[in-house]
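Convention: sequence-line order gives letters A, B, ...; per-chain numbering from 1.
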Protein chains: 2
Amino acid sequence: MMNKPPSVRAVTILDVAAAAQVSKSTVSLVLKGSPLIPAETSERVRAAAAQLGYVYNRRAGELRRQSSNMVGVVINDLMNPFFAEVLAGLERRLADAGFITLMAHTSESLERQQKVLTTMREHNAAGIALCPALDTPASLAQDLQSWGIPLVVMIRTLGEGSYDFAGADNAHGVMAATRHLLAAGHRRIGFLGGLDGLMLEQRLSGCRAAFADAGLAFDEDLVFSASPTRTGGHDAMRSLLAAQPAIKAAICYNDLVAFGALSALDENGLRAGKDFALMGFDNVFDAAHSHPPLSTVDVRPAELGEQAATLLLARMAHPGQPRQQLLARPKLVLRQSA
Amino acid sequence: MMNKPPSVRAVTILDVAAAAQVSKSTVSLVLKGSPLIPAETSERVRAAAAQLGYVYNRRAGELRRQSSNMVGVVINDLMNPFFAEVLAGLERRLADAGFITLMAHTSESLERQQKVLTTMREHNAAGIALCPALDTPASLAQDLQSWGIPLVVMIRTLGEGSYDFAGADNAHGVMAATRHLLAAGHRRIGFLGGLDGLMLEQRLSGCRAAFADAGLAFDEDLVFSASPTRTGGHDAMRSLLAAQPAIKAAICYNDLVAFGALSALDENGLRAGKDFALMGFDNVFDAAHSHPPLSTVDVRPAELGEQAATLLLARMAHPGQPRQQLLARPKLVLRQSA
DNA sequence: CTGAAAGCGCTTACAG
DNA sequence: CTGAAAGCGCTTACAG
């Protein structure tokens, strides 16, 4: 993996200085737009730089200045459009703030995650936005913070420790969805998809809470856990239908699961919105375009990414500020599936 | 955006050297695993490094060595799962080869693209994988190459210039899809979605070629251009159905368009696979899960990303090697929509 | 096998 | 307003 030295030595600030007949300090000053330099000199330097094809070497500048304009972003599952949207929002906000994103995709591998975090540290990332891989030990948040690099955890929490967090209020969102079905008269409501873990617990708890608030009993036998994918949703719906032929409503762990469930419904000659009430969670871009369009809990994925970025930028600017947990309150968006 | 200097000075190679009672050159040597250093010394150095919590400063090392292990990846449209999959494949391959990816999302903005490329250059990226934003001037490939940084263009070509390219054979893929419909007896076939540009031209040409090969005339009035999204596909299908009520088959610019078209079909009481033959393009992950599952042209998006990475890595290792154009031959995957 | 020295390309006090 | 000098943290000949 040797990088050959560039055939022709890169032009540096020194070359520009020589060409413009000033010292390299002066060049540095005009490059950063210092007001100390008179316009005439400044012009001359700029012209020389342009003429020589000078390109700023950030690595050198940042090494000297002990700063960085790269921020690390680690995502687990780009195949889920939810995360792709979060990433897009995050990157946009970071770019607008002048940062470039060092991105890594872990595919839920703890090993990859650890490796990539270390690399980001070695690269002196100015901050890290992390959506922890499944089964990430809770201690990771403290570990990262002990590195002295600003951190924001997003989407999935990481134990009880103290760290900035940006995510959606899962319990509240599912509660709203459940209430909607309850209000429509449903009393037996399935819950489909999701793998054991905090996130599933949070979403389920919203479901239970809505039942409890209504003075009703939630039937735990109607919970069909499954991987949070289309396939998982498809299979979970089949299991639900097989076990409970009379069931007429379900809430899904996320939109992907709902899309899969829609397929299974379809295969059984059932039409969501007519024969069955189905709710998703996330409101990914595609939810508006499923068959039928999906009623879901809108967590605004791209905004969530932007918020994570904003939080991280704030932490970077003010390392000492109190930690924040941003729990966006998702809103119901009712389309045709329920 | 000031970064305060870390409260406590970072521990450097010098500190480790002092602790291990050797010179900093020795530390550097053991860190890179040089065989010159006897095990005993090496142990001592490692222990000292661990004990002090030393972390390698890549920036300094790379500045000195004039190397880099970051590669830039620019993508336009993360909302399209096709690109998310390409990105995932690319990142995986790069990570496996020891590189970290500097990622940027342009949303098809030429301005963002230019800015981000410049930043990547300033960061001394070891290479760049670029999927050019729409309307990117063909000269960009030469510009980038004149920077002396290894480049691979992916998915969308960039004029006739000379550069490494990894993409799918659009014409061939659409030709296969068209042949499939022709073989099923269809003679009037719509073409839905896609914005004016080279990519649309390539895909259309495949369609025309298949007709020509069969000695049939392709009716250009059946082309309904539209943005390559679900909405675009939905609208295009509506237009097609309105203009040609008897039409029974169509090929879509990509899977997203096909998903939208499926919705429009559904609204018209038409069922793809029974009343209508519909083909997509890309074979994104979701294509297997639409209603009905989509027959499409499989370009293997993740593999495409991996190939782009492989090509880039090869160029980085051998700057002088002849340029390559990798045009993956997509294969038909027949599910239920046609 | 290990140390002293120079240098990667920049920034930043400090003089003048 | 501008220059000389030191230094960010590393690597790499070069001696010994």
note = Exactly one candidate in A/Gln324, A/Gln321, A/Arg315 meets side-chain hydrogen bond (donor to acceptor under 3.5 Å, both in side chains) with A/Asp164; the answer is A/Arg315

message = From CD of A/Glu122 over to P of D/dT11, roughly how many Å is that when rounded to an integer?
response = 11 Å

message = Without decimals, in angstroms, what is the distance between B/Leu14 CG and D/dC10 P?
response = 8 Å

message = D/dT2, OP1 or OP2 - any side-chain N/O from A/Thr26 closer than 4.0 Å?
response = no

task = For the pair B/Arg156 and B/Glu108, find out whether any cationic side-chain nitrogen is under 4.0 Å from an anionic carboxylate oxygen.
result = yes

query = Starting at NZ of B/Lys24 and ending at C1' of D/dT11, how long is that distance when rounded to a whole Å?
reply = 9 Å

task = Would you confirm whether A/Arg44, through its side chain, and A/Ala20, through its main-chain N or O, come within 3.5 Å as a donor-acceptor pair?
result = yes

Base-paired stems that DNA chain D participates in, counting runs of 3 or more Watson-Crick or G-U pairs under 3.5 Å = C:1-3 with D:14-16, C:5-12 with D:5-12, C:14-16 with D:1-3

note = Contacts of B/Ala60 and B/Gln21 projected onto DNA chain C by closest heavy atom; the upstream (5') one is B/Gln21

message = Just the rounded figure in Å: distance from P of D/dT12 to CD of B/Glu62.
response = 12 Å

DNA chain C contacts among residues 30-49 of chain A, heavy-atom distance under 4.0 Å = A/Lys32

note = In terms of heavy-atom contacts, B/Gln307 and B/Ala166 come closest through C-CB, 4.4 Å

5′-ward residue of the pair A/Leu63/B/Tyr56 relative to DNA chain D = A/Leu63

inquiry  = Distance check, rounded to the nearest 0.5 Å: B/Leu198 atom CG versus B/Leu158 atom CG?
reply    = 9.5 Å

ask   = Rounding to a whole Å, what distance do you find between B/Ile13:CD1 and D/dC8:P?
value = 14 Å

query = For B/Arg65 and D/dT11, is the shortest distance between a side-chain N/O and OP1 or OP2 below 4.0 Å?
reply = yes

key: Short side-chain N/O contact from A/Thr12 to OP1 or OP2 of C/dG9, under 4.0 Å   = no

ask   = Hey, are A/Asp15 and A/Lys24 close enough for a salt bridge, meaning a charged N less than 4.0 Å from a carboxylate O?
value = no

task = Using only heavy-atom distances, determine whether the side chains of A/Arg323 and A/Gln145 contain a donor-acceptor pair under 3.5 Å.
result = yes

Pairs under 3.5 angstrom only: tabulate donor-acceptor contacts from the side chains of residues 115-141 of chain A to other protein residues two or more places apart or in another chain.
unit_1	atom_1	unit_2	atom_2	d
A/Thr118	OG1	A/Gln114	O	3.0
A/Thr119	OG1	A/Lys115	O	3.0
A/Glu122	OE1	B/Arg58	NE	2.7
A/Glu122	OE1	B/Arg58	NH2	2.7
A/His123	NE2	B/Asn69	ND2	2.8
A/Thr136	OG1	A/Gln113	NE2	3.1
A/Thr136	OG1	A/Ala133	N	3.2
A/Thr136	OG1	A/Ala133	O	2.4

ask   = Does a donor on one side chain sit under 3.5 Å from an acceptor on the other, for B/Thr310 and B/Arg93?
value = yes

task = Taking only the side-chain heavy atoms of B/Arg64 (C-beta and beyond), determine which of C/dT2, D/dT11, D/dC8 contains the nearest atom.
result = D/dT11

request  = Round to the nearest Å and state the distance from A/Arg58 atom CZ to C/dT11 atom P.
outcome  = 10 Å

message = Regarding D/dA4, can its base be found pairing with the side chain of A/Ser25 as donor and acceptor, where the two atoms are less than 3.5 Å apart?
response = yes

request  = Take the protein atom CD of B/Gln66 and the nucleotide atom C1' of D/dT12, then report the distance between them rounded to whole Å.
outcome  = 13 Å

query = Rounded to the nearest Å, what distance is computed from the CZ atom of residue A/Arg59 to the P atom of nucleotide C/dT11?
reply = 15 Å

request  = Search all heavy atoms of A/Glu85 against all heavy atoms of B/Met79 and return the closest pair with its distance.
outcome  = CG-SD, 3.4 Å

